[in-house]
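Computed from heavy atoms alone, side chains included, the values below leave out hydrogens, waters and symmetry copies.
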Amino acid sequence: MKKRILVVADDKTLLEEMGRTLEKEMDVVTVTAVSCDAGIELALQLKPHLIILDASLAGLSDDAVCRRLSRDWETSEVPLLVLVD
């Protein structure tokens with residue numbers, strides 16, 4: 001089974017480019033979300049192997065997302081990469 005990477009960003013171009021590159025270069029499956037709430041929901045459902053979060057996303061702060069995911073035992077060990085400008 002391929003590893004899953006969840007990419008959370010509100011920039012559709014960024015999501016498409018990152019998803020395409022990750023799938024091509026790393027042979028993974030990417031799942032995308034355009035909001036923090038949707039990203040958290042998908043993370044809890046899918047239990048991805050890595051989460052990439054755009055820090056400039058509207059809504060919850062990246063700290064709030066980290067705290068929320070660390071509270072759930074199924075996502076507490078998932079690495080979270082935060083992209084900053």
Side-chain angles (χ1 to χ4, degrees):
M1 177 191 330
K2 290 186 176 185
K3 294 191 176 194
R4 288 178 307 279
I5 297 178
L6 172 60
V7 182
V8 184
D10 57 2
D11 181 339
K12 292 187 189 260
T13 303
L14 174 68
L15 288 175
E16 290 171 4
E17 290 177 9
M18 190 171 294
R20 189 175 29 246
T21 301
L22 289 168
E23 288 178 0
K24 179 181 175 188
E25 300 294 328
M26 298 181 62
D27 194 34
V28 297
V29 174
T30 57
V31 180
T32 61
V34 294
S35 72
C36 290
D37 290 334
I40 290 170
E41 187 174 319
L42 280 172
L44 295 172
Q45 288 175 3
L46 301 176
K47 288 100 180 146
H49 296 92
L50 172 67
I51 300 169
I52 301 174
L53 175 68
D54 182 2
S56 64
L57 225 105
L60 297 175
S61 70
D62 51 340
D63 289 340
V65 173
C66 292
R67 282 192 304 275
R68 173 62 186 97
L69 294 174
S70 68
R71 285 195 309 249
D72 191 284
W73 68 273
E74 293 180 310
T75 55
S76 63
E77 298 293 321
V78 176
L80 179 65
L81 176 65
V82 180
L83 303 177
V84 295
D85 294 270

Exercise for the section: Tell me, please, which residues at least two apart from E74 pass salt bridge (charged side-chain N to carboxylate O under 4.0 Å, His left out). Expected result: K47
Practice task
Indicate if V84 and L80 have the same hydrophobic cluster label, given that clusters are the connected sets of ILVMFWY residues with side-chain heavy-atom separations under 4.5 angstrom.
Solution key: yes
Exercise for the section: Output all residues satisfying side chain to side chain contact (heavy atoms under 4.5 Å, CB included) with Q45, sequence neighbours left out; order by chain, then residue number. Expected result: E41, L42
Practice task
Only counting residues at least two apart or in another chain, list the ones meeting side chain to side chain donor-acceptor pair (under 3.5 Å) with T75.
Solution key: none
Practice task
Would you please name every residue forming a salt bridge (charged side-chain N to carboxylate O under 4.0 Å, His left out) with K2, sequence neighbours left out?
Solution key: D27
Handout entry: With L46, the side-chain contact (heavy atoms from CB on, under 4.5 Å) member among L6, I51, V31
Key = V31
Completion exercise
Between V8 and G39, the two heavy atoms sitting closest are CG2-CA, 3.8 Å
Practice task
Give the minimum heavy-atom separation between A43 and P48, together with the two atoms involved.
Solution key: O-CD, 3.5 Å
Handout entry: Qualifying residues under side chain to side chain donor-acceptor pair (under 3.5 Å), relative to E17, sequence neighbours excluded
Key = none
Practice task
Measure the CG-OG distance between D11 and S56 for me, rounded to the nearest 0.5 Å.
Solution key: 8.0 Å
Exercise for the section: Kindly give the cluster partners of M26, where membership spreads through any ILVMFWY side chain lying under 4.5 Å from a current member. Expected result: I5, V7, L14, L15, M18, L22, V28, V34, L50, I52, L81, L83
Practice task
Provide the closest heavy-atom pair for S70 versus S76 in the form atom of the first, atom of the second, distance.
Solution key: O-CB, 3.4 Å
